[in-house]
Amino acid sequence: MFKEFRPAVTSFLLLTLLTGIVYPLLVTGISQLAMPAKANGSLIVKDGKPVGSSLIGQSFSDPKYFWSRPSATGPMPYNPTASGGSNLGPTNPALLDAVKARVQALRDADPGNVQPVPVDLVTASASGLDPHISPAAAEYQLARVARVRNLEPDALRKLVAEHTEGRQFGILGEPRVNVLELNLALDAMR
Amino acid sequence: MSANGLPQIALYLGVLLALAKPLGWYMAQVYEGKLPVFVRWVVPAENLFYRLCGVDSRQEMRWTRYALAMLWFALLGVLAVYAMQRLQGMLPLNPQGLAAVSPDSAFNTAISFMTNTNWQGYSGESTMSYLVQMAALAVQNFFSAAAGMAVLVALVRGFARHTTETIGNFWVDMTRSIIYILLPLSVVLALVLVSQGVVQNLSAYQTAPTVETITYDNPKMDAEGNALKDASGNPVTEKATTKEQVIAKGPVASQEAIKQLGTNGGGFFNANSAHPFENPTPFSNFLAMLAIFLIPAALCYTFGSMVGDTRQGWAILLAMTILFVGFLAVAEYAEQQGNPAFTALGVDQDASATQPGGNMEGKETRFGIVNSALFATITTAASCGAVNGMHDSFTPLGGLVPLAQIQLGEVIFGGVGSGLYGMLVYAVIAVFLAGLMIGRTPEYLGKKIEAFDIKMASLVILLPPMLILGGAALAVMLAAGKAGVANPGAHGFSEILYAFSSAVGNNGSAFAGLSANTPFYNVALGLEMFFGRIWLMIPVLALAGSLAAKKRIPASIGSMATHTQMFVWLLIGTVLLVGALNFVPALALGPVIEHLNMINAH
């Protein structure tokens, strides 16, 4: 019964040291030396100060900005200390009410626009921190942002294209627009 | 599905199957002690380790002693993880000053990580210090995976050997799994993940100003810190504003790598692999999915190699792949169809060159439908349980796929070690059924399958449905069980059924709307995870011991070949039949009703 006790305790301690201390510190050390910007959160730095992360979205509700996807984090949207989705089921009336309200808010901000709304723009992301919207969701908002900012739509379209990433290596994932980077670039235009 | 869905899936399966042979060969060499030249420099350190531990690496164990060693190691794991969570406030590497975890949650998490389940009732970024994440949780990611691999190797030896009492040495199998397989792969994967943007640091959370001032409803608290509720039970809130975002960080990449390679699945953050710091790009997502299936697929080759007939391994791998592709097709189709109720609201759900379309609630833009449905199918075919989208918000049929795969026992690739030993048990059942049909004594790989073997195999097949259905039935009868449900109607039942399936199957994914961080669920699911793991490992080891003791009988004209197409389909049929008999009624009450409700409403 106790014959295996000593091997259990010793191997537990030694292997904990190896996999729980040495391994993560080794990876941390190499990452901090070789890829410090990525290892520290891909922070966007303006005037020497961090103004967000290019991987973590922010909430926008002003018509002059491109809006991010809805976020279900609490208590405020895009809260990186409480990541998560809404977990609303597909037939939950609360989900349908939320989508209806989001469609309405987009229409209120842009009364002339009667196109159907791209689905990613009215559904909450899984992380609640999704930094991206689909190119279709950017295009849907483009006329509004151009009007509020007195920009030529084509000039704005070019700026959106500059912040659009295609499929990785031409095949993986989905094309996407980084909302925070795009809005920071918009604010930097003037 | 968007036009490039099929190429992505084909690329994934192509790379996976191409890696199965080289890695599978390597693992067979490691477990047979014939270490390839390029790792022989580690051998002196390995031998020193055995000396320090008082292990004689040449001394083999009978199955009972092997099981005892495994149990001691598991017990220490539970105690250590529990203690470190309870003491975390006094331990270093806690820059956010997080306090001790509650006893019931710490119990649940300790069992969860020891059993390779990684069910998470807690929310990582607001609960666990960096030290607990690294030295308690990630350590169990290694240990539980290695224990699963060790038990599998013992079973394979049962088939490969004959007329012997012993099935290997647990300490050697477990140690070699870590230092020759899991650890080197993890180091490489972690560094590639950092290159994609996965964070790896020990600094405190970063506060940064936001572009807009955010207005939100802040829940009001009473003096004890509990949320205030109004007369109808809704939380009382007040308007608040913020101009800041607190960005959670930590040593994520190192944990992420072993979380996938060990099919553990416990996220550093609450959002798991949907979180941009755990899974920032489509390539990191591809690697995550590859890492989940890599070792389970390769172990099929290892098995074939160790029993001296690689065709046996390929046959099993083929059966797994066929089952997987079938389930994947359902998930992809259902999710791409989207939610019929949305279309009436003026929402565009059609896939195009500029949007993924489909059911995007609880999914990330960079993954779209293709990679979210693919990830969900992979993570539940294996016993991983990492998620890059919220299964609770999947369409009813899209959510049925993960649930059904877990209930089949996660033998489609499955957890590292546990998937293949589960599938080999199904193979034993399959030859038994075939033997009954033609009236011959069943045999598999030259071993006569007798009453004791079938009893052990039956335990492995029958215990999970008992635990899952019994647990779910108990929860829906108790107020404490029903209190956790988040979604109304049939979906609420699915949430409970999923929780017990996930716990017993040691998966760890969830229909996460269920509020499971309560004393009832923490204790009930904790016990289910324990029995779902340990009570299957012990009969598997008993089977290994019984098989090893048997004589090998030469194949005769009456033996059924087990590397043929017919056997592959027999195996697939057995898995699906056993699963269907056990779970169709329960599935009909959950996802099936919800699906009918959804399509009939429009």
Side-chain angles (χ1 to χ4, degrees), chain A residues 4 6-8 10-12 16 19-20 24 27-28 31 35 38-42 50-53 55-56 58-60 75-76 80-81 83-85 87-92 96 99-100 103 116-120 122-123 125-127 129-132 134-136 168 171-174 176 183, chain B residues 53-55 68-69 72-73 76 125-126 134-135 139 142 171 190 194 197 199-201 208 210 212 214 216 218 246-249 251 254 269-271 274-276 280 282-283 286 339 341 345-349 354-356 360-366 368 389-390 392 395 487 491 512-513 598:
Chain A
E4 301 301 334
R6 181 185 151 205
T10 330
S11 65
F12 191 89
T16 297
T19 59
V27 175
T28 308
S31 308
M35 302 169 275
K38 295 239 161 100
N40 290 318
S42 306
V51 293
S53 160
L55 292 176
I56 304 288
Q58 291 186 10
S59 177
F60 294 95
M76 71 284 277
T81 59
S83 62
N87 285 311
L88 294 175
T91 54
N92 191 331
L96 303 186
V99 171
K100 198 186 267 177
V103 170
V117 186
V119 63
D120 60 306
V122 291
T123 46
S125 63
S127 63
L129 307 173
D130 195 342
H132 301 116
S134 67
Q168 207 170 2
I171 179 166
L172 296 178
E174 301 291 332
R176 56 212 184 272
N183 284 332
Chain B
C53 298
V55 169
L68 197 64
W72 273 122
F73 202 62
L76 289 175
E125 59 266 47
S126 56
M134 280 166 37
V139 163
F142 280 99
W171 304 115
V194 175
V199 296
Q200 179 72 25
N201 57 66
T210 51
E212 277 194 9
I214 318 284
Y216 62 98
N218 199 29
V246 180
I247 300 176
K249 306 206 289 188
S254 53
F269 301 112
N270 185 47
H275 196 295
F283 185 51
F286 184 85
N339 191 329
L345 301 174
V347 176
D348 180 5
Q349 298 183 87
T354 56
Q355 70 154 358
M360 284 298 287
E361 178 70 26
K363 294 191 181 65
E364 298 284 293
T365 310
R366 60 194 180 283
M390 294 301 146
D392 212 350
T395 59
N487 284 284
H491 197 92
M598 185 175 82

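Quick caveat, the model's predicted, so the values are computed rather than measured. So that the names make sense, note that chain A is the first sequence line, chain B the second, and so on, each numbered from 1.
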Greatest number of heavy atom pairs closer than 4.5 Å to chain B - which of [options]:
options                       : answer
A:D130, A:T91, A:V27          : A:D130
A:S134, A:G173, A:A39, A:P135 : A:A39
A:G85, A:S42, A:P131, A:P24   : A:P24
A:V51, A:I56, A:V122          : A:I56
A:T10, A:T16, A:N183, A:L172  : A:L172

Kindly indicate whether the side chain of [X], heavy atoms from C-beta on, has any atom under 4.5 Å from the side chain of [Y].
X      : Y      : answer
A:V103 : B:V347 : yes
B:N487 : A:L88  : yes
A:E4   : B:W171 : yes
A:N40  : B:V199 : no
B:E125 : A:P80  : no

With sequence neighbours left out, write down each residue that passes ring-ring contact (aromatic ring centres under 6.0 Å, His included) with B:F283, or none if nothing qualifies.
A:F169
ring-ring contact (aromatic ring centres under 6.0 Å, His included) with A:H132: which residues, sequence neighbours excluded?
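Per chain and number, A:H132 pairs via ring-ring contact (aromatic ring centres under 6.0 Å, His included) with no residue.
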For the [atom1] atom of [X] and the [atom2] atom of [Y], what is their distance to the nearest 0.5 Å?
X      : Y      : atom1 : atom2 : result
B:M134 : A:T28  : CE    : OG1   : 6.5 Å
B:I247 : A:T81  : CD1   : OG1   : 10.5 Å
A:S125 : B:M360 : OG    : CE    : 8.5 Å
B:N339 : A:L96  : CG    : CG    : 6.5 Å
A:Q168 : B:R366 : CD    : CZ    : 11.0 Å

Might you point out which heavy atoms bring [X] and [Y] nearest each other, and give the distance in Å?
X      : Y      : result
A:L55  : B:P276 : O-CB, 2.9 Å
B:A274 : A:S127 : O-CB, 3.4 Å
A:R176 : B:P282 : NH2-CD, 3.3 Å
B:Q355 : A:D120 : OE1-OD1, 4.0 Å
B:A271 : A:A126 : CB-O, 4.2 Å
A:T19  : B:V139 : OG1-CG2, 3.6 Å

Portion of [X] that has a non-hydrogen atom of chain A nearer than 4.5 angstrom:
X      : answer
B:H275 : both
B:F286 : side chain
B:V55  : side chain
B:K363 : backbone

For B:E212 and A:S59, what are the C-alpha separation, side-chain angles and deciding distance, and is it a side-chain hydrogen bond (donor to acceptor under 3.5 Å, both in side chains)?
CA-CA 7 Å; B:E212 277 194 9; A:S59 177; 5.7 Å; no
Contact leader toward chain A among [options], where contacts are heavy-atom pairs under 4.5 Å:
options                        : result
B:G362, B:A135, B:A208         : B:G362
B:A69, B:A512, B:A248          : B:A512
B:G197, B:G389, B:P251, B:P280 : B:G197

Does the B:D392 side chain pair with the main chain of A:G89, one donor and one acceptor, at a distance under 3.5 Å?
no
Take A:E174 and B:T365 through the test side-chain hydrogen bond (donor to acceptor under 3.5 Å, both in side chains) and record every step on the way to the result.
CA-CA 7 Å; A:E174 301 291 332; B:T365 310; over 6 Å; no
Have B:T210 and A:Q58 got a donor and an acceptor in their side chains that come within less than 3.5 Å?
no
